[in-house]
Amino acid sequence: MTAPPAARYALLPPELAADTLEQEMLARWEAEDLVAQSLARGDEEFVFFEGPPTANGRPGIHHVFARTIKDLFCRHRAMKGYHVGRKAGWDTHGLPVEIEIEKQLGISGKRDIEALGVETFNKLCRESVWKYKGEWEQLSARIGYWLDYSDPYITYSNDYVESVWWALATLYDTKMLVRGHKILPYCPRCETTLSSHEVAQGYQDVEDPSVYLALDLTTPDGAPTGARILVWTTTPWTLVSNVALAVHPTMPYVELARLGRKESTVILAEPRVRAVLGEDFEDRWEVVRNWTGAELAMLRYRRPLDWLPYPAGANHEVIVVEDFVSGDDGTGVVHMAPAFGADDYQAGKRHNLAFLQPVNGRGEFPDALPVVGGMHVKKADPAITAVLEDRGVLWKAGTLVHSYPHCWRCGTPLLYYARESWFVSTTSFKDRMMARNDRVDWHPPEVGAGRFGEWLENNVDWALSRDRYWGSPLPIWVCDADGAHAVAIGSYAQLAKRTGASLPADFDPHKPYIDAYTFACDHEGCTGTMKRVPEVVDTWFDSGSMPFAQWHYPFENKAMVERRYPADFIAEGVDQTRGWFYSLLAIATGLGSALPRNGDDQAAPYRAVVVNDMVLDAQGAKMSKHIGNVVSPWEVVPRYGADAVRLFLIASSQVWVPRRFDESMIREMAGRFFLTLKNVYSGIFAQYANFGWSPSEADPVPADRPVVDRWMLSRLATVEREIDERLEQYDATAAARALMDFVVDDVSNWYVRLNRARFYDVDTADSRAAFATLHETLVVTTRLLAPFAPFVSDWIHRELTGTSVHLAPFRRSLGTEEESNEVLERAMSRVRVLAKLGRAAREEMEIKVRQPLSRLVCVVPDFTAAALEDLLPLLASELNVKRVEFAESGSALATRVGKANYRSLGKRFGKRTPEAARIVESLANEQLLAFERGDMVTIDVDGATYPLLPEDVTIVRHASGSLLVREENGLFAALDPTITPELRREGMARELVSKIQQMRKAARFAVSDRVRLDLSGGPELAAVVEEYESYIAGEVLANEVTLAGDLAETADAVQTIVLDAGSVRIALTRVN
RNA sequence: GGGCCAGUAGCUCAGGUGGUUAGAGCGCACGCCUGAUAAGCGUGAGGUCCGAGGUUCAACUCCUCGCUGGCCCA
């Protein structure tokens, strides 16, 4: 072989850092505008929705995870010929943005914001959401997440807000956007509601009253039953608003009478009797009747305080059944004040209970109320307790220490208040949301059926409005003369029309500007002015509107939405279950036919969802800034390369289980794979192809290539199909693993290793076949790899083909000739097992592979010798044996043993299966031989005789005799350990070659240097040299081999080695 | 308190519809190879499949009850 000409295929230097290679690829993509090229391709749509991130926080490693998943499936579908739009978007409204500004300014709460001025505040919010926009874009680009940033949707833009208005007005006009109440945690000092996040920060242990009441039960028409029901509360002040009692539907309740006294009986939940009446209650009480919750619900009761009148038309003083009633505390009977508790409120809706809300914004009772008028509610507890005692309804009073939420700003105990709020009445179309959800292809399914399905099942109306500042304004105008006069404005044109003036060029729909737009009420005879309600909408409504709002639908781009709705695929973290996944579904279901292809017979708005779980730290702990274990993508991506990080995130476990981010695992998993791939490409393919091979007509067609090449191509076709199918099914992890195993195991460790010598030439048909086969294998492999590791796959693919992998087809269309050959693949896997068994046998005998042996005898149950014949030379070479034989039927080497098939026997023998199996396995060689020939064989089990059926037994042939045998799953490999003198000399020749090659290398000879070889040793050496001189000379490039007694003093390298036959001195002299 | 997920070798993970001897990679031990060479390959030792009951001829697998960890909700 001559020195290589100008390199056709660039090598990947092992020391080339992944970061360098990836930066190089990024520059090339940029120069070619490859993203745009990819976006311009494809006819049929594969619709992907990008969930908008908020750019006022830095992107973390978990964002890399989610974005890798999105990118991977989009790349796969794009390579399959679909048009995959990837419009970027930004979520820009909401409380997190406001809080960020509050922190920045060192202010807190609505009063501070009002003092600052809403105009200024919102201006700051608008600017702050872009704080990390650059970093988000850079990171997305760096990790190869292809997204179209040229025209992103921005939720605060006028167009976007107008689409949101359209959706809100559509819901309003169909009575799905309604006014109602919501129970919210409220600080009476700060006069503001708190978000759940704020509430979570403020729990404190406090001592509260613990009050038990005994209330008279009555029949439905008001007659006393003589029994009293026990009720427990820790907030006596809410008794003013009591309207009902709740009991559990299935919990047992008991009615007890005081022993020896004639007074009314008491009723409470059976599990609470000891806790309420005392461990020794049986000394004083006897059970007179058992009740169920349902029976109690037939009765009524008399409320403890009657200061407030009940409104007409609502239920009051009734007993209702509710699942939330617990048997763990209190009496199992819960006092209901719908104005002051979330459960109570919901129950109030369900049972049409009266609603009594006497408390003002500062947490005080109205002056007109007896006893407690003008008092703060918490301060009123003792006075109320005293009144209860006076009225004889107090059973007992004490105190209790428990954890209760307080305002994190001022420490005031929070009150749960009913606040007026705007709702999307999602409960009215809950069934339709569930039906759509059932059509969604969830990955994993349990998130759809479980977490999300359960949540939908317990759906409550979506509290949409927020008493905040930075958000899409709720486009509802209400008349100041009559609150019942209201209108939803669904477009800017409509607003202009109602106000009678066109909107200014710099129109901004946000607060405070929008609140200046008022117009006359058009109700007949009404002279009032329509003013906008003060609220903004939940930011989740913004992001859930993106399917149409990103296109300013229905004002523009109707055709675009027709084509790109609904989504075929979305992917986000599991934390979006109640966030984006829900808001998308709720809005789409509510809008119904206002959107195209959005009937209830659709899964819309998304057909398939891939949900990823969290990224934990290396120890399995949640990453948090507080602990300081947060992994920065900017640290790990340059260190290992985006390819490796991406592949690790996808392949380490299913994406929907939490994964540990352990850098040593990246090295272990992805590092090994990429190293192998690079070695195969650079170390074998490119290095030797550069001596003069490139694809041409001179390459044999696949059918004319050696069987091992045909096997390689068959495996390639199989893996190509498998990975494509996995990705079609959204199983990225299985696809990645299949690909990695293929490259490491089939390509590198089997095909390349066995065929290395074929690459040392570039001209023979055999070599051309090998190059062509490996070339095809690498081309297809890089295509399969492209969605996972877009950088190195593109680098190699460009070298191999001159084109970008990202514009290549993911899957070839194969002729029948090139399809998988299942029989060949199975045969090869048998051969590989036999090779493994043979190596184990050699290991046991301590005969190294260099020492040839005469024969391997094997048994392969499901193949005939003829069927394996083509592959046997591979086996002979791998195990260094002269020939491979099969232990045929009748051969003395074969002994038959029956293996019981429990599945078959179990059906017929039931309990006697173990015995039947034992009998089957004890059948003699001769019986099994006869059975193989078709003779009837019977077995006696438990005194009865049964015919043996073919499916009852697997006949396994053992090789036996003086050979060294290894077995696995019915495959046997037996080595003949005899080393004849001939074999011994051949082994010595190979040993010599090996040592001489090591000397050449140690002496730094070039691979192509010619040498003179002088050997001296005993007579056996002479015999070896005589027999194998040309072999040795050919292997070590010796022009001359001598057996001189005196070694040349001028030799470049001299060494004495010890062989079985004694010591041998070797001298090498370079001669060119 | 409720829902969902996970618990298999030292580590990270595979293990359709129950069925013969529970697998892989890494790590470890021993060895091979020396023209992929700051590479490559093999062999081997490692497991009460979280625990306790149950169903079954047969349970890592199905059922019940627990334990531990995680997420979400109350």
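Every chain is numbered from 1 and lettered A, B, ... according to where its sequence line falls, protein lines coming before strand lines. Reckoned from all heavy atoms, side chains included, excluding hydrogens, waters and symmetry mates.
Taking atom CG of A/Leu754 as the reference point, atom C1' of B/rC41 lies 11 Å away to the nearest angstrom. Between A/Trp442 atom CH2 and B/rG3 atom P there is a gap of 20 Å when expressed in whole angstrom units. Protein atom CG of A/Leu616 is 11 Å distant from nucleotide atom C1' of B/rA6, rounded to whole Å. B/rC13 atom P lies 14 Å from atom CD1 of A/Ile666, rounded to whole Å. Whole-Å rounding puts the A/Arg672 CZ to B/rA36 C1' distance at 14 Å. If you take CZ of A/Phe673 and P of B/rC13, they are 20 Å apart, rounded to a whole angstrom. When the P atom of B/rU20 is taken as reference, atom CG of A/Leu971 falls 18 Å away, rounded to whole Å. Look at CG on A/Asp662: it is 9 Å from C1' on B/rU12, rounded to the nearest Å.
With C1' as the reference atom, B/rC62 and B/rU55 are 8 Å apart, rounded to whole Å. Nucleotides B/rG42 and B/rC72 place their P atoms 44 Å apart, quoted to the nearest Å. Comparing B/rC11 with B/rC50, their P atoms sit 13 Å apart, to the nearest whole Å. B/rU21 and B/rA58 have their P atoms separated by 15 Å, with the value rounded to a whole Å. Comparing the P positions of B/rG35 and B/rC41 gives a spacing of 16 Å, expressed to the nearest Å. Between B/rC28 and B/rG66, the distance separating the two C1' atoms is 36 Å to the nearest Å. Atom name C1', nucleotides B/rG70 and B/rG25: the rounded distance is 25 Å, in whole Å. Annotation: B/rC57 and B/rA24 have their P atoms spaced 33 Å apart (nearest Å).
Looking at heavy-atom distances under 4.0 Å, A/Arg842 makes no contact with the nucleic acid at all. As judged by a 4.0 angstrom heavy-atom cut-off over every strand, A/Arg839 is placed among residues touching the sugar-phosphate backbone only. In this structure, A/Val849 reaches neither bases nor backbone, as no heavy-atom distance under 4.0 Å exists between it and the strands shown. Contacts of A/Val744 with the nucleic acid, taken as non-hydrogen atoms under 4.0 Å apart, are absent. A/Met669 comes within 4.0 angstrom of no nucleic acid atom, judged by non-hydrogen atoms across all strands. Note on A/Lys836: only backbone sugar-phosphate atoms sit closer than 4.0 angstrom, heavy atoms only; bases stay farther off. A/Ser994 comes within 4.0 angstrom of the backbone, heavy atoms only, and of no base. Looking at heavy-atom distances under 4.0 Å, A/Asp613 makes no contact with the nucleic acid at all.
The residues A/Arg1000 and A/Glu1035 are annotated as not salt-bridged, no charged nitrogen and carboxylate oxygen being separated by less than 4.0 angstrom. The residues A/Glu663 and A/Arg667 are annotated as not salt-bridged, no charged nitrogen and carboxylate oxygen being separated by less than 4.0 angstrom.
If you check B/rG35 for Watson-Crick or wobble pairing at under 3.5 angstrom, you find it has no partner at all. Across all strands shown, B/rC57 is found opposite B/rG19 as a Watson-Crick or G-U wobble partner, with both distances under 3.5 Å. B/rU64 is paired with B/rA52 under the criterion used here, namely a Watson-Crick or G-U wobble arrangement in which both key atom distances are under 3.5 Å. Pair check for B/rA29 finds B/rU43; Watson-Crick or G-U wobble, both atom distances under 3.5 Å. Nucleotide B/rG69 has B/rC5 as its partner under the Watson-Crick or G-U criteria, with both atom distances under 3.5 Å.
Judged by distance alone with a 3.5 Å cut-off, no donor-acceptor contact links the side chain of A/Arg850 to the base of B/rC33. Side-chain atoms of A/Ser682 stay outside donor-acceptor range of the base of B/rA36, with no qualifying N/O pair under 3.5 Å. Applying the 3.5 Å distance criterion, the base of B/rA14 shares no donor-acceptor pair with the side chain of A/Arg737.
The closest side-chain donor-acceptor pair between A/Asn459 and A/Tyr582 falls under 3.5 angstrom. Under the 3.5 Å distance criterion, with hydrogens and angles disregarded, no donor-acceptor pair is assigned to the side chains of A/Asp766 and A/Thr764.
Looking at A/Phe759, A/Trp693, A/Tyr681, A/Tyr688 one by one, the single match for side-chain contact (heavy atoms from CB on, under 4.5 Å) with A/Leu774 turns out to be A/Phe759. Looking at A/Asn679, A/Val680, A/Thr777, A/Leu800 one by one, the single match for side-chain contact (heavy atoms from CB on, under 4.5 Å) with A/Phe685 turns out to be A/Leu800.
The side chain of A/Glu843 has B/rU43 as its nearest neighbour among B/rU43, B/rC13, B/rG40. Taking every side-chain heavy atom of A/Ala840 into account, B/rU43 is the closest of B/rA36, B/rU34, B/rU43. Distances from the side chain of A/Tyr902 to the nucleotides B/rU43, B/rG19, B/rC57 place B/rG19 closest. Minimum atom distance to the side chain of A/Arg451 is reached by B/rG3, of the listed B/rA36, B/rG3, B/rU12. Checking B/rU12, B/rU34, B/rC26 against every side-chain atom of A/Met665, the shortest atom distance belongs to B/rU12.
Take the nearest nucleotide of RNA chain B for A/Glu446 and for A/Asp343: the residue whose nucleotide is more 5' is A/Glu446. Heavy-atom nearest nucleotides on RNA chain B were determined for A/Arg578 and for A/Thr913, and the one closer to the 5' end corresponds to A/Thr913.
Side-chain contact check for A/Leu853 versus A/Val881: some heavy-atom pair is nearer than 4.5 Å.
With rounding to the nearest 0.5 Å, the separation of CG in A/Asp461 from NZ in A/Lys430 is 11.0 Å.
Nucleotide B/rG10 carries an anti base; the chi torsion (O4'-C1'-N9-C4 or O4'-C1'-N1-C2) is more than 90° from 0.
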